[in-house]
A.B. asks: 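One structure follows; several queries about it will come next.
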Amino acid sequence: MELYENTASGLHRLFIEKKASAVEIAEAHLARIEAVDGRVGAFLTVTKEEALAQAAALDEKRTAGEPLGALAGVPVAVKDNICTKDVRTTCASKILYNFKPPYNATVADKLRQAGAVTVGKTNMDEFAMGSSCETSHFQKTHNPRDLERVPGGSSGGSAAAVAAGEAPLALGSDTGGSIRQPAALCGVVGLKPTYGAVSRYGLVAFASSLDQIGPFARTVDDAALLFDAIKGRDTRDATSAHREQPPVAGTLDGNVKGLRIGIPQAYYGEGVDDAVKAKVLDTARALERAGAKLVDVSLSSTKYALPTYYILACAEASSNLARFDGVKYGYRTEHYDDLLSLYENSRSEGFGDEVKRRIMLGTFVLSSGYYDAYYHKAKLTQNLIRGEYDAAFRDCDAVLTPTSPVTAFKIGERTADPLQMYAADICTVPINIAGLPAVSLPCGEVDSLPVGLQLIGRKFEERIILNAAKAVEQICGVCAPAAL
C-alpha cells in the first residue's frame, strides 16, 4: 500500500511507531498532489516548503521523545476561506487574489498543536457561494470519481483532495451543506458540527449565523479524530459554545441496538432521484436489521427551508461582504475618479456573478419596505423549522435522509440555471437553519457515482450520529482513494 492510500489514523500510527517519518508521509502526499492535481484541480495553493518544514520539526520532536499530538505526522488540506498566517487566502475570489492574512484562524492553530502537517489551501466556490465549485475565479475542480463531473460545493476542493488521496484529512466550511453535499458527491465522510462547537475565528464570513467549520475524511473514525482536534471553546469567537465537549475519537463501535432513527417523508419526495432514495432506504433497513428502530417523523416545514435559507444567508452576506471595498486590502481597480467610483469599480471587477447576485438579493430583502415581507418572515420560519426538529427528536435519536437529491452532475450542466443549482442543497440547508450537527457518508453507488446518506442529530450530540455513521460504514464499506 502506498502511503497516500492510508487513513489518517493509519498514518499517525506509522509515524508514532517509527515505521515512517513525517517527512516521508508529507513527501508522499505532495508527490500525489503533483501527479494528479493537474486533472483534479483541488488546490489553489500548495505549501510544499512549509509542509516539509513542519514535518521535519515533528521528526525532531519524535527523536527527542517530546509529546506528540493526536494528528502528528498527518497531512491536512485547508479550505481557502480559512485564514492561514502569511499563506495566501483568497476565498477563490479575484477581490482577495493577493491577500495573506497576518494571523491564523483558531482551527489552523489547533491543527498545528495537534501535529498536523498543512499541505495547502483548497479551491472552493467564490466566498463559499455555490454548490458545484464552478464559481471560483481561478479554476474549476473536477470530481475524482468522474473527472467530467462536479465535486459539489462550496468545499469542493477539500472533498476532492480527500477523495483523490491528495490528503487524508481536510477542513471545509458549511453554510447550507457545503461540507456534506461535496462529501456525498465525492464519496467521502463530511461532518457539519453543531453551530458553536468549532470556533469560526479566522473563517472569512459568508453568513455568520449559519457558517460552521468541519472535517472531511475517508473514514468515520478519521472524521472524529479531526473533529476532536478542532472543537472547543474559543474566547475570540462570541458564538463559541460555553460547554465541555467530551472526546469522540476512540469511542465509536457502530452499535445501533435500540437507536431510534427518524425517517422524514419530506426528504424523500419530489426532486429526490428514485435511485438515490432507494440506496438510502436500503441502508436504513440494514440499520434496522442491526438493531436500530425506524420511526416516521414529521418535518413538514422542510419545503420552506430553501427560500428561508437563501433570504437569511444572502442578507448576512450583503453585510459581511461590504468590507471588501478596494481600500484596505485585496484587489483595487485601476479605473476610478473618486472614492465612490473606487468602491463601485473594485467591487464590480473583483466579485463574480454569483456573489453579486447574492449581495443584491440580500440588500433587497433588508431594504426599507421589504424587510418585513421577506427577512422577518424568514426568521419566523427559521423558528418553525427549529421547533419541528425539537419535536422530531422527542421520538428519535437521529434523523436519516439523503444528503444530495442527485449524484454528481456534469460540469457546466447547471450553471445557466441558478435555481436548479440552489435545489442541490434542499436536503442540507434545514440543518444549518436549526444549528444542528449532521454527517454525510457514502452508502453505495448509482451508475458508478457515490450516493451520500445524511445523519442529523441533536445539538452537541455528534457522537451519536458518528456512531450511527460507523454502523453505516460497517455495512457499506469505505471508499478508497480514486484511481486516477
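Just so you know, these numbers come straight off a predicted model, no measurement behind them.
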A.B. asks: Does the salt bridge (charged side-chain N to carboxylate O under 4.0 Å, His left out) test come out yes or no for K470 and D221, once each step is laid out?
C.D. replies: CA-CA 8 Å; K470 177 84 171 179; D221 285 331; 2.5 Å; yes
A.B. asks: Is R233 reaching over with its side chain to a backbone N or O of S240, donor-acceptor style, under 3.5 angstrom?
C.D. replies: yes
A.B. asks: May I ask you to decide if S173's main-chain N or O and S155's side chain share a donor-acceptor pair within less than 3.5 Å?
C.D. replies: yes
A.B. asks: Are the side chain of D228 and the backbone N or O of P247 linked by a donor-acceptor pair below 3.5 Å?
C.D. replies: no
A.B. asks: Closest approach of G176 and V429, non-hydrogen atoms and distance?
C.D. replies: O-CG1, 3.2 Å
A.B. asks: Using only atom types and a distance under 3.5 Å, with no angle test, would you say the side chain of R236 pairs donor to acceptor with the backbone of G202?
C.D. replies: no
A.B. asks: Could you check whether any side-chain N or O of R218 sits under 3.5 Å from a backbone N or O of N6, counting only pairs where one atom can act as donor and the other as acceptor?
C.D. replies: yes
A.B. asks: What's the separation between atom CZ in F127 and atom OG1 in T90, rounded to the nearest 0.5 Å?
C.D. replies: 8.5 Å
A.B. asks: Ignoring hydrogens, what is the shortest heavy-atom contact between C133 and G156? Give both atom names and the distance.
C.D. replies: SG-CA, 3.8 Å
A.B. asks: What's the spacing between T141 OG1 and M124 CE if we round to 0.5 Å?
C.D. replies: 11.0 Å
A.B. asks: How long is the gap from CD1 on I33 to OH on Y4, to the nearest 0.5 Å?
C.D. replies: 12.5 Å
A.B. asks: I'd like to check R332 versus L342 (side-chain heavy atoms, cut-off strictly below 4.5 Å). Are they in contact?
C.D. replies: yes
A.B. asks: Please check this pair: side chain of D211 against backbone of F206, looking for a donor-acceptor N/O pair closer than 3.5 Å.
C.D. replies: yes
A.B. asks: Angle between ring planes, Y329 versus F324, binned at 30° and 60°: parallel, tilted or perpendicular?
C.D. replies: perpendicular
A.B. asks: Flag the pair P75 / L11 as yes when at least one side-chain heavy-atom distance between them is below 4.5 Å, and no otherwise.
C.D. replies: yes
A.B. asks: Using the six-membered ring wherever Trp is involved, compare the ring planes of Y370 and F364 and label them parallel, tilted or perpendicular (cut-offs 30° and 60°).
C.D. replies: tilted
A.B. asks: What salt bridge (Lys or Arg N to Asp or Glu O under 4.0 Å) pairs are there with at least one residue in residues 76-94, not counting sequence neighbours?
C.D. replies: D80-K121
A.B. asks: Between E166 and V36, does a side-chain contact (heavy atoms from CB on, under 4.5 Å) hold up when you go through it step by step?
C.D. replies: CA-CA 8 Å; E166 297 174 279; V36 305; 3.8 Å; yes
A.B. asks: List the residues meeting ring pair (Phe, Tyr, Trp, His ring centres under 6.0 Å) with F393, not counting sequence neighbours, and say none if there are none.
C.D. replies: none
A.B. asks: Which value, rounded to the nearest 0.5 Å, describes the distance between I464 atom CD1 and L455 atom CG?
C.D. replies: 11.5 Å
A.B. asks: Do Y103 and Y201 have ring centroids that are under 6.0 Å from one another?
C.D. replies: yes
A.B. asks: Measure across G120 and T47 and return the closest heavy-atom pair with its distance rounded to 0.1 Å.
C.D. replies: N-OG1, 3.3 Å
A.B. asks: State plainly whether the residues D174 and R180 are in salt-bridge range, i.e. N to O under 4.0 Å.
C.D. replies: yes
A.B. asks: Can you name the nearest heavy-atom pair linking A164 to V40, along with the distance?
C.D. replies: CB-CG2, 4.3 Å
A.B. asks: Say you draw a straight line from OG of S301 to CG of L384; how long is it, rounded to the nearest 0.5 Å?
C.D. replies: 3.5 Å
A.B. asks: Measuring from R243:CZ to K459:NZ, what's the distance to the nearest 0.5 Å?
C.D. replies: 10.0 Å
A.B. asks: Taking Q245 for its side chain and K231 for its backbone only, find out whether a donor-acceptor pair lies under 3.5 Å.
C.D. replies: no
A.B. asks: When you look at V117 and V76, which way does the side-chain contact (heavy atoms from CB on, under 4.5 Å) test go after all the steps?
C.D. replies: CA-CA 6 Å; V117 175; V76 179; over 6 Å; no
A.B. asks: Shortest non-hydrogen contact from T89 to C83?
C.D. replies: OG1-CA, 4.0 Å
A.B. asks: Between N143 (side chain only) and V150 (backbone N and O only), is there a donor and an acceptor less than 3.5 Å apart?
C.D. replies: yes
A.B. asks: If we only count heavy atoms from C-beta on, is the R463 to P246 side-chain gap below 4.5 Å?
C.D. replies: no
A.B. asks: Going through the distances and angles, do T428 and Q454 end up as a side-chain contact (heavy atoms from CB on, under 4.5 Å)?
C.D. replies: CA-CA 9 Å; T428 54; Q454 178 175 231; 3.9 Å; yes
A.B. asks: Between D125 and A128 (side chain of the first, backbone of the second, donor and acceptor by atom type, cut-off under 3.5 Å), is there such a pair?
C.D. replies: no
A.B. asks: Is there a donor-acceptor pair under 3.5 Å between the side chain of E413 and the backbone N or O of K410?
C.D. replies: yes
A.B. asks: Do K110 and V198 touch side chain to side chain, with heavy atoms closer than 4.5 Å?
C.D. replies: no
A.B. asks: Going by the salt bridge (Lys or Arg N to Asp or Glu O under 4.0 Å) test, which pairs reach into residues 424-437, not counting sequence neighbours?
C.D. replies: none
A.B. asks: Would you check, one step at a time, whether the test side-chain hydrogen bond (donor to acceptor under 3.5 Å, both in side chains) holds for T403 with Q181?
C.D. replies: CA-CA 6 Å; T403 308; Q181 188 251 13; over 6 Å; no
A.B. asks: side-chain contact (heavy atoms from CB on, under 4.5 Å) for S209 and E316? Distances and angles first, verdict last.
C.D. replies: CA-CA 8 Å; S209 74; E316 293 185 29; 2.5 Å; yes
A.B. asks: Nearest heavy-atom pair of N104 and T84: which atoms, and what distance?
C.D. replies: OD1-CA, 3.3 Å
A.B. asks: So do V189 and D222 actually touch side chain to side chain, heavy atoms under 4.5 Å?
C.D. replies: no
